[in-house]
Amino acid sequence: MSSGAIEADKQILQKIFSQDFWFVIPEYQRPYVWQKDNIEELIEDLYYAFEHKEDNEYFLGSLVLKNTNNQNFTEYEVLDGQQRLTTFFMMIAVLRDLLEDEDYKSTMREMIYQKENKLKKIPSRNRITYYIRDNVESFISEFIISDNGTLKKDELLHRAESDNISISNMANGILIINNLLSQKENLEEFVVFLLNKALFIYVSTDNTEDAFRLFTILNDRGIPLTSADILKSTNIGQIQKEELKKYSKIWEEIEAKYGDNFDRFLVFIRNILVKQKANANLLDEFEKNIYEKGKLNKGKDTIDLLSKYDEIYDEIIELENKKLSNEYKNLITIMKIGLQSEDWIPPLMYYYSKFKFNRLDDFLKRLEYKFAGDLVAQESPTTRIENMNKIMREIEKIDISNLNDFINNSDVFDINKRAYREVIDGNIYKRRFNRYLLLKLEYLMTDNTVHLSSYKTISVEHILPQNPSINSQWRNDFTDEEREFWTHKIANLVLISKRKNSKLSNLDYEDKKEKYLNERIDVFKGSKVFIDKNLKWTVDVLQKRQEKLVNMLINNSL
């Protein structure tokens with residue numbers, strides 16, 4: 001294949017499993033995950049086609065391949081189709097062990113394994129090689145390559161309990177395939193149909209970018225590759241063989257830990273390194289704004305940095321460092337619960353990477369005040385992101401000698417106080433940040449002697465109800481105009497951390513207090529509006545409470 005050329009063709013199964021095709025499942029691919037339903041559906045569909053449409057071709061799906069340009073044999077990385085390809089790899093081994101005709105068995109062997117021939121200098125080689133999957137190759141050698149390996153039922157049942165996802169699913173898959181095919185009649189005729197009428201359509205290129213573009217265009221099923229998958233490939237490919245397993249394991253452990261949020265974690269790293277608003281997708285950002293600009297080297301340096309920030313994330317975001325103060329942990333807790341964006345996380349991680357615990361609590365207070373202030377004052381997302389980048393650029397410039405001046409005096413923490421006050425002094429109930437403001441007040445009103453536990457359910461409750469009944473005491477205590485003015489103000493709102501009976505909402509104040517306390521509904525203790533037995537809910541109380549709460553939020557930057 002000429003460089004950059006794209007090749008597309010259809011090939012019957014025996015051709016796919018021939019000397020013309022050798023496959024590798026690259027390290028960025030996910031494990032083998034097919035379950036009983038996937039395998040049963042494939043085999044039953046194939047057997048139905050064999051019985052009723054024996055002369056017709058049977059389409060198995062598509063393969064998206066990248067030619068590795070191996071000088072010794074034709075080898076392809078499998079970008080899409082590995083689940084189905086692996087299933088046929090196992091199925092051929094099962095058929096080898098079930099069939100009695102030696103010619104058939106020999107053909108099956110050659111399809112899955114090339115036997116070593118020292119005289120002809122032909123090395124042994126598996127049809128499919130699984131890169132850096134711990135013990136997968138030894139499993140394949142014992143149960144797929146070896147004659148009668150698929151008949152070792154007890155051993156396979158044991159391997160099906162393995163913690164290794166690929167091995168567990170492969171072992172279970174072999175058992176399922178064996179059980180299904182051993183019940184079928186005319187297996188020899190079925191194999192003839194399978195090898196000569198079942199076919200794949202494949203598309204391949206030797207250009208990595210083109211290969212992944214093809215994958216994106218053609219993949220309409222299964223789980224698509226993510227930016228993380230492709231970044232993993234480019235970085236693992238830079239590591240020497242002797243350290244390949246070590247660094248691949250580091251990457252996979254971090255990736256498994258974050259799961260679907262791994263791309264989000266990579267965005268954090270990108271933000272820390274670039275400190276500017278992204279103007280391209282994550283892959284292009286790493287390639288053009290990180291690697292090409294010399295901010296980081298591919299391979300070990302990248303994985304070491306991911307590992308470093310993974311540890312930092314655990315320490316200061318997941319709060320695993322025992323040196324953290326309760327004040328710090330409580331503020332982080334409410335930020336994680338109440339803020340709709342996580343753009344504040346990269347500056348905090350970057351600060352800690354440089355200064356550790358030096359004024360960490362104070363920096364977090366300033367960072368939270370700036371981020372929440374911009375959010376409430378309705379700064380645009382672009383402005384909010386740029387303000388976080390400004391903070392990181394300042395952190396990059398300073399050292400420990402001017403850290404105090406940075407935290408105490410830097411204008412990067414300033415907010416538009418006029419706009420902020422105007423919003424929080426108005427009707428906030430229907431604002432998306434209402435819960436956060438109330439959480440922040442809870443934080444400010446506590447003494448932080450203990451770490452606030454994470455809240456499973458939080459609701460915002462009106463004290464003066466939105467729709468009090470016509471005979472309610474609320475109608476006597478407040479005019480219609482007063483109710484309209486105060487109902488949705490911050491002074492009239494409290495947090496409830498357990499689901500409550502909605503019927504309680506319209507109770508009179510004294511009845512509501514009694515119900516909440518006697519029925520042990522978990523009322524946040526900061527405002528004490530239900531705990532103070534002498535408190536009456538009046539316009540005067542609301543006015544004083546409003547002024548107090550608004551000023552408390554405005555004046556809490558340090």
- Of all residues at least two apart in sequence or in a different chain, which pass the side chain to side chain contact (heavy atoms under 4.5 Å, CB included) check with Asp20? Lys15, Ser18
- Message: Which heavy atom of Ala171 sits nearest to which heavy atom of Ala160, and what is that distance?
- Response: CB-N, 3.7 Å
- For the residue pair Phe265 and Phe262, does the interplanar ring angle fall in the parallel (under 30°), tilted (30 to 60°) or perpendicular (over 60°) class? parallel
- Looking at residues at least two apart in the chain, or sitting in another chain, which of them share a side-chain hydrogen bond (donor to acceptor under 3.5 Å, both in side chains) with Glu57? Lys10
- Query: Is there any side-chain hydrogen bond (donor to acceptor under 3.5 Å, both in side chains) pair reaching into residues 289-301, and which pairs are they, with sequence neighbours excluded?
  - Reply: Asn235-Tyr291, Glu243-Lys300, Glu285-Asn289, Glu287-Lys298, Asn289-Lys293, Tyr291-Thr302, Asn297-Asp301
- Task: Can you sort out the partners of Phe190 under ring-ring contact (aromatic ring centres under 6.0 Å, His included), two or more places apart, ordered by chain and number?
- Result: Tyr47, Phe50
- Least distance between heavy atoms, Ala93 atom then Ile112 atom: CB-CD1, 4.0 Å
- With Ser380 via side-chain hydrogen bond (donor to acceptor under 3.5 Å, both in side chains) - residues at least two apart: Thr383
- Under the 3.5 angstrom rule, does the side chain of Ser166 hit a backbone N or O of Tyr32 as a donor-acceptor pair? yes
- Item | NZ/NE/NH1/NH2 to OD/OE distance under 4.0 Å, Asp147 and Lys105 | no
- Item | Contacts of Lys184 that satisfy side-chain hydrogen bond (donor to acceptor under 3.5 Å, both in side chains) - sequence neighbours left out | Glu44
- Query: Any idea which heavy atoms bring Arg84 and Leu42 closest together, and the distance?
  - Reply: NH1-CD1, 3.9 Å
- Query: Considering residues at least two apart in sequence or located in another chain, which fulfil the ring-ring contact (aromatic ring centres under 6.0 Å, His included) criterion with Tyr202?
  - Reply: Phe21
- Do the side chain of Glu142 and the main chain of Gly149 share a donor and acceptor less than 3.5 angstrom apart? no
- Item | side chain to side chain contact (heavy atoms under 4.5 Å, CB included) against Lys257, all qualifying residues, sequence neighbours excluded | Asp310, Asp314
- Expected output: side-chain Thr107 to main-chain Asp103 donor-acceptor under 3.5 Å: yes
- Note on the structure: Between Gln83 and Val33, the two heavy atoms sitting closest are OE1-N, 2.8 Å
- Begin from the C-alpha positions of Glu315 and Lys323 and carry the test salt bridge (Lys or Arg N to Asp or Glu O under 4.0 Å) through to its verdict. CA-CA 9 Å; Glu315 286 190 42; Lys323 295 181 180 179; over 6 Å; no
- Taking the side chain from Ser182 and the backbone from Asn179, do they hold a donor-acceptor pair closer than 3.5 Å? yes
- Message: Glu75: which residues meet the side chain to side chain contact (heavy atoms under 4.5 Å, CB included) condition with it, sequence neighbours left out?
- Response: Val24, Thr68, Asn70, Phe73, Tyr131
- Message: Main chain of Pro123, side chain of Gln114: is a donor-acceptor contact present, judged purely on distance under 3.5 Å?
- Response: yes
- Task: Taking side chain to side chain contact (heavy atoms under 4.5 Å, CB included) as the test, write out the residues that go with Asn434, two or more places apart.
- Result: Ile428, Tyr429, Val460
- Query: By ring-ring contact (aromatic ring centres under 6.0 Å, His included), which residues pair with Tyr350, not counting sequence neighbours?
  - Reply: none
- Query: Does any N or O in the side chain of Arg432 come within less than 3.5 Å of the main-chain N or O of Gln340, such that one atom is a donor and the other an acceptor?
  - Reply: no
- Is a donor on one side and an acceptor on the other found under 3.5 Å between the side chain of Thr234 and the backbone of Leu231? yes
- Item | Residues that Tyr313 engages under ring-ring contact (aromatic ring centres under 6.0 Å, His included), provided they are two or more places apart | Tyr258
- Message: Check whether Arg127 reaches the backbone of Glu110 with its side chain - one donor and one acceptor, N or O, closer than 3.5 Å.
- Response: yes
- Got a donor-acceptor contact below 3.5 angstrom from the Thr333 side chain to the Lys329 backbone? yes
